[in-house]
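Take a look at the structure set out below.
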Protein chains: 2
Amino acid sequence: MPRTIFEKPDAIALVAEVFRELGYEGASMSNITARTKLSKGSLYHFFPGGKEQMAAEIIAHIDAWFVVDMFKPLEEGEPRAAIRTMWETADRYFRSGRRICLIGAFALDETRDRFAMAIRSYFQRWIEALAGALTRAGLTGIEAQALAEEAVVGLQGALMLARALGDEAVFGRILERLKQRLETALG
Amino acid sequence: MPRTIFEKPDAIALVAEVFRELGYEGASMSNITARTKLSKGSLYHFFPGGKEQMAAEIIAHIDAWFVVDMFKPLEEGEPRAAIRTMWETADRYFRSGRRICLIGAFALDETRDRFAMAIRSYFQRWIEALAGALTRAGLTGIEAQALAEEAVVGLQGALMLARALGDEAVFGRILERLKQRLETALG
DNA sequence: GATCTTCTAAACTGATTGGTCCATAAGATA
DNA sequence: TATCTTATGGACCAATCAGTTTAGAAGATC
């Protein structure tokens, strides 16, 4: 029997996609082994804490990715350029609406309670990073906060609607309008 | 042993709340019996098809509610008043963000595939009903369609963000801004 | 109050769940 | 090549899963 050797970063990425497709409860160990080709031995070797640890590490992994690729640029870069880049980054990350936001999905059911802190801080930092960039670009704090909330909310809603309608085009269309609205507000 | 007698409409409403809290996969039969106080005997009496039938009837029940209380008024009523009422209806139905949209939640994972048609037509009709009202109120078809998509998307995103942040206030705030935007667009 | 239908409770089934264990295969180090 | 660490496959476990069955209780009809 041929053996495939995985390393932990691979395992995290593979299991993450299964959680994304099936949700936390829907992703059973047998589902995970079947879709990732990782055996139970491997999975419990990497994640002795089982499903809960898998999900926790996946959330941390996603969060770290967003910090580096979206939040830091918004917090530290030239605000208008960073905001423009944010839309491209989001479109790439969410594969133009074919991929959902796992952290958002976890927020909807009782899975949220297991990871409440991580989920809250992910959205909080996203909104704060974007609001900060909008403020540095000249908006008042109140306007910036409201626009940032709307942008994040609109993006999450767009992911949901794209899947609900089975229509990828709607995602790009809504993203484009959200982008336009921020640029209009900045004048 | 005291017996409680339920009727099917009660059963549908009770089970719906469990699906809302736990998601389709997270809602096991023992969970459902525990939270609803409906025994397995009762559940399989009302829903011989098991979980799948429960979810299907719940979706149909929710859809029918929205048709009567939101879509028809938008389609048939005075457009500006109907749109204003829509926001109140939504706030009441979703309990100011404490209750999620089950059909939206189903759209996010593979549960969608089981109920794809019903999920798509629910969102389609909502957007079309709102776009129709906006058109009758004077907007062009293109503007109306885009604004309707944004409103529905924003509402769904607001439900998600409210739960993610554990902050009910954010839901009302975003709803208010969405409402303002539609009214501004109508002049 | 007898009968008939509707609904409930709980015991039961086989399949699947999350999780444990361990012999051993593959890479790395020496 | 010998050794040591890391990763793997799969058998195994108790608990839980969805679903079935059945005896009988509650309401309705007469």
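Lettering of chains follows the sequences in order, A, B, ..., and the numbering in each one begins at 1.
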When you measure from the side chain of A:Arg136 to the backbone N and O of A:Leu74, does any donor-acceptor pair fall under 3.5 Å? yes
Polar atom pairs (N or O), protein with nucleotides 15-19 of chain D, under 3.5 Å:
residue: D:dC17; atom: OP1; partner: B:Ser28; partner atom: OG; Å: 3.1
residue: D:dC17; atom: OP2; partner: B:Ser30; partner atom: OG; Å: 2.3
residue: D:dA18; atom: OP1; partner: B:Met29; partner atom: N; Å: 3.2
residue: D:dA18; atom: OP2; partner: B:Met29; partner atom: N; Å: 2.4
residue: D:dA18; atom: N7; partner: B:Lys40; partner atom: NZ; Å: 3.1
residue: D:dG19; atom: OP2; partner: B:Tyr44; partner atom: OH; Å: 3.0
residue: D:dG19; atom: OP2; partner: B:Lys51; partner atom: N; Å: 3.4
residue: D:dG19; atom: O5'; partner: B:Tyr44; partner atom: OH; Å: 3.3
residue: D:dG19; atom: N7; partner: B:Lys40; partner atom: NZ; Å: 3.0
residue: D:dG19; atom: O6; partner: B:Lys40; partner atom: NZ; Å: 2.6

Determine whether the side chains of B:Thr33 and B:Ser30 contain a donor N or O and an acceptor N or O closer than 3.5 Å. no
Determine, step by step, whether B:Arg114 and B:Tyr24 satisfy the side-chain contact (heavy atoms from CB on, under 4.5 Å) criterion, reporting the C-alpha distance in whole Å, the side-chain angles of both residues, the deciding distance to 0.1 Å, and the verdict. CA-CA 11 Å; B:Arg114 292 173 184 261; B:Tyr24 183 79; 3.4 Å; yes
Rounded to whole Å, please give me the gap between CE in A:Met54 and P in C:dT17. 13 Å
Can you tell me if B:Ser39 touches the phosphate of C:dT8, counting only side-chain N or O atoms and a distance under 4.0 Å to OP1 or OP2? no
Working note: B:Glu150 + B:Arg181, criterion side-chain contact (heavy atoms from CB on, under 4.5 Å); need CA distance, chi angles, decisive distance, verdict. CA-CA 10 Å; B:Glu150 275 182 78; B:Arg181 180 151 358 109; 3.1 Å; yes
Parallel, tilted or perpendicular: ring planes of A:Tyr122 versus A:Trp126, cut at 30 and 60 degrees: perpendicular
Check this for me, if you would: do A:Arg95 and A:Glu168 make a salt bridge, where the nitrogen-to-carboxylate-oxygen distance has to be below 4.0 angstrom? no
How are the rings of B:Phe171 and B:Phe94 set to each other: parallel, tilted or perpendicular (split at 30° and 60°)? perpendicular
Does the side chain of A:His45 get closer than 4.0 angstrom to OP1 or OP2 of D:dT8 through an N or O atom? no
Classify the angle between the aromatic ring planes of B:Tyr93 and B:Trp65 as parallel (below 30°), tilted (30 to 60°) or perpendicular (above 60°). tilted
What residues from residues 6-16 of chain A pass a heavy-atom cutoff of under 4.0 Å to DNA chain C? none
Nearest whole angstrom, please: distance from the P of C:dA9 to the CG of B:Leu38. 8 Å
Just the rounded figure in Å: distance from P of C:dT17 to CD1 of A:Ile32. 10 Å
